Amino acid sequence: MESKTAPLSSNREFWEGRYRDEDPSSPEPGPSPAFTALMEDPTLVTPTTGTRRALELACGRGGDAMWTAARGWHVTAVDISEHVLATLNERARRAGLVDRLSTRHHDLALSVPEPEAWDLVYANYFHTPTDIDRDAVLRRVSDSVVEGGLLIVIDHGSSAPWSWEQREDHPTPEDLWNSLDLGADWSALVCERRSRLAQTPEGAGDAGGNEGVQGPEGFDGRTALVIDNVLVARRRSTT
């Protein structure tokens, strides 16, 4: 794991605090249902026996990285929190995935991973409370996606009642696609809103104390209907 000994930025301080209680003995995080639905769609991700390499931006607790590595992908997971990456490394060791899952520490507002040939770059709920040119980050790393490779971005299209980010002006999937401005080399395969029943994430810093909170109709403090903005783009072959 790449590591730097710089003072905590406000962004890094936020995420280190959010993950401070994370440890390998806590329940292993599950993957995002929105992400697994895409990855299990053979019209989007063609099954293959060859080596496939994926880069995850803002991996958080690592549920998606673990799930993807367990299915044969070689995953590089990037996050700003050194603590959560250390926890993910230990979980990967315990699961026998160290040969297929590695981590890199980056404050993506300041640096991104060096260019490599990625078959997949994905960012699931890459949101942050501080200013960051996220579109520029995604454009830059997408330059390393191989021909025929995928970029997957899943964003919040609504705010769950327990989320640290409460807003009413979420962009649409079309806003997301247009803001990325990937160029003629890319075509959008999926660009749509999808709803799902979300559950309060275990171990989230602001999840405790939500039991019995009355929010949107039917919200019981544990589950809520939320909207995701889902974008899947493929890099076109030039041959």
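Note that the structure is predicted; figures quoted are calculated from it, not measured. Side chains are part of it too, since the values below use all heavy atoms of this structure and drop only hydrogens, waters and symmetry mates. Heads up: numbering here begins at 1 and tracks the sequence.
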Closest approach of [X] to [Y] (non-hydrogen atoms, all atoms of both residues):
| X | Y | result |
| --- | --- | --- |
| Pro29 | Gly62 | CG-C, 4.3 Å |
| Arg52 | Thr46 | NH1-O, 3.5 Å |
| Ile152 | Met39 | CD1-SD, 4.1 Å |
| Asn229 | Pro173 | OD1-CD, 3.2 Å |
| Pro47 | Pro42 | CD-CB, 4.4 Å |
| Ala95 | Met66 | CB-CE, 3.9 Å |

If the condition is side chain to side chain contact (heavy atoms under 4.5 Å, CB included), which residues does [X] pass it with, not counting sequence neighbours?
| X | answer |
| --- | --- |
| Pro171 | Arg167, Asp175 |
| Arg234 | Leu150, Ser187, Leu189 |
| Asp79 | Tyr19, Ala58, Cys59, Ser81, Val84, Leu85 |

Under 3.5 Å, is there a donor on one side chain and an acceptor on the other for Asp64 and Ser32?
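No donor-acceptor contact under 3.5 Å links the two side chains.
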Any luck finding a side-chain donor-acceptor pair between Asp23 and Thr87 under 3.5 Å?
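Judged by distance alone, the side chains do not pair up.
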Check the pair Val230, Leu38 against side-chain contact (heavy atoms from CB on, under 4.5 Å), reporting the backbone distance first and the verdict last.
CA-CA 9 Å; Val230 179; Leu38 296 172; 3.7 Å; yes
Only counting residues at least two apart or in another chain, list the ones meeting side-chain hydrogen bond (donor to acceptor under 3.5 Å, both in side chains) with Thr36.
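With neighbours one apart ignored, the set is empty.
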Under a single-linkage definition using a 4.5 Å side-chain heavy-atom cutoff for Ile, Leu, Val, Met, Phe, Trp and Tyr, are Ile154 and Val226 assigned to the same hydrophobic cluster?
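No.
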Check the hydrophobic clustering (I, L, V, M, F, W, Y; side-chain heavy atoms under 4.5 Å; chains of links allowed) and say if Val146 and Val232 are grouped together.
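No, separate clusters.
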Is it true that [X] and [Y] have a side-chain N and a carboxylate O under 4.0 angstrom from each other?
| X | Y | answer |
| --- | --- | --- |
| Glu22 | Arg20 | no |
| Arg236 | Glu147 | no |
| Arg12 | Glu82 | yes |
| Arg196 | Asp228 | yes |

Under the salt bridge (Lys or Arg N to Asp or Glu O under 4.0 Å) test, residues paired with [X] that sit two or more places apart:
| X | value |
| --- | --- |
| Arg93 | Glu90 |
| Arg100 | none |
| Arg71 | none |
| Glu40 | none |

Side-chain heavy atoms under 4.5 Å apart, restricted to Ile/Leu/Val/Met/Phe/Trp/Tyr: what other residues fall into the cluster of Leu225, or is it alone?
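Its cluster partners, ordered by chain and number, are none at all.
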Other than Val78, which residues form its hydrophobic cluster under the rule that side-chain heavy atoms must be closer than 4.5 Å?
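Leu55, Leu57, Leu108, Val112, Trp118, Val121, Phe126, Ile132, Val137, Leu138, Val141, Val145, Leu151, Val153, Leu176, Trp177, Leu180, Leu182, Trp186, Leu231, all in the cluster of Val78.
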Taking the six-membered ring for Trp, are His127 and His156 closer than 6.0 Å centroid to centroid?
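For His127 and His156, the ring centres are under 6.0 Å apart.
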Please collect all salt bridge (Lys or Arg N to Asp or Glu O under 4.0 Å) contacts where either partner lies in residues 109-118, sequence neighbours excluded, each pair once.
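Every salt bridge (Lys or Arg N to Asp or Glu O under 4.0 Å) pair that includes a residue of residues 109-118, provided the two are not neighbours, is Arg53-Glu116, Arg104-Glu116.
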Kindly determine whether Arg91 and Ser26 satisfy side-chain contact (heavy atoms from CB on, under 4.5 Å), including the steps that lead there.
CA-CA 10 Å; Arg91 283 188 168 132; Ser26 60; 2.7 Å; yes
Within the supplied structure, the quantity of interest is the number of heavy atoms (other residues, nucleotides, ligands) at a distance under 6.0 Å from Arg140 CZ; does it exceed 12?
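No, not enclosed.
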Would you say Glu174 and Arg193 make side-chain contact, with heavy atoms under 4.5 Å?
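Result no, sub-4.5 Å side-chain heavy-atom pair not found.
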I need the full list of ring-ring contact (aromatic ring centres under 6.0 Å, His included) pairs touching residues 34-92, with sequence neighbours left out, sorted by first then second residue.
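Qualifying pairs: Phe35-Tyr122.
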What do the steps show when you test Asp119 against Arg235 for salt bridge (charged side-chain N to carboxylate O under 4.0 Å, His left out), and what is the final call?
CA-CA 10 Å; Asp119 299 285; Arg235 189 161 201 174; over 6 Å; no
Let me confirm one number: the CG-OG1 distance from Leu101 to Thr68, rounded to the nearest 0.5 Å.
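Here the rounded value is 8.5 Å.
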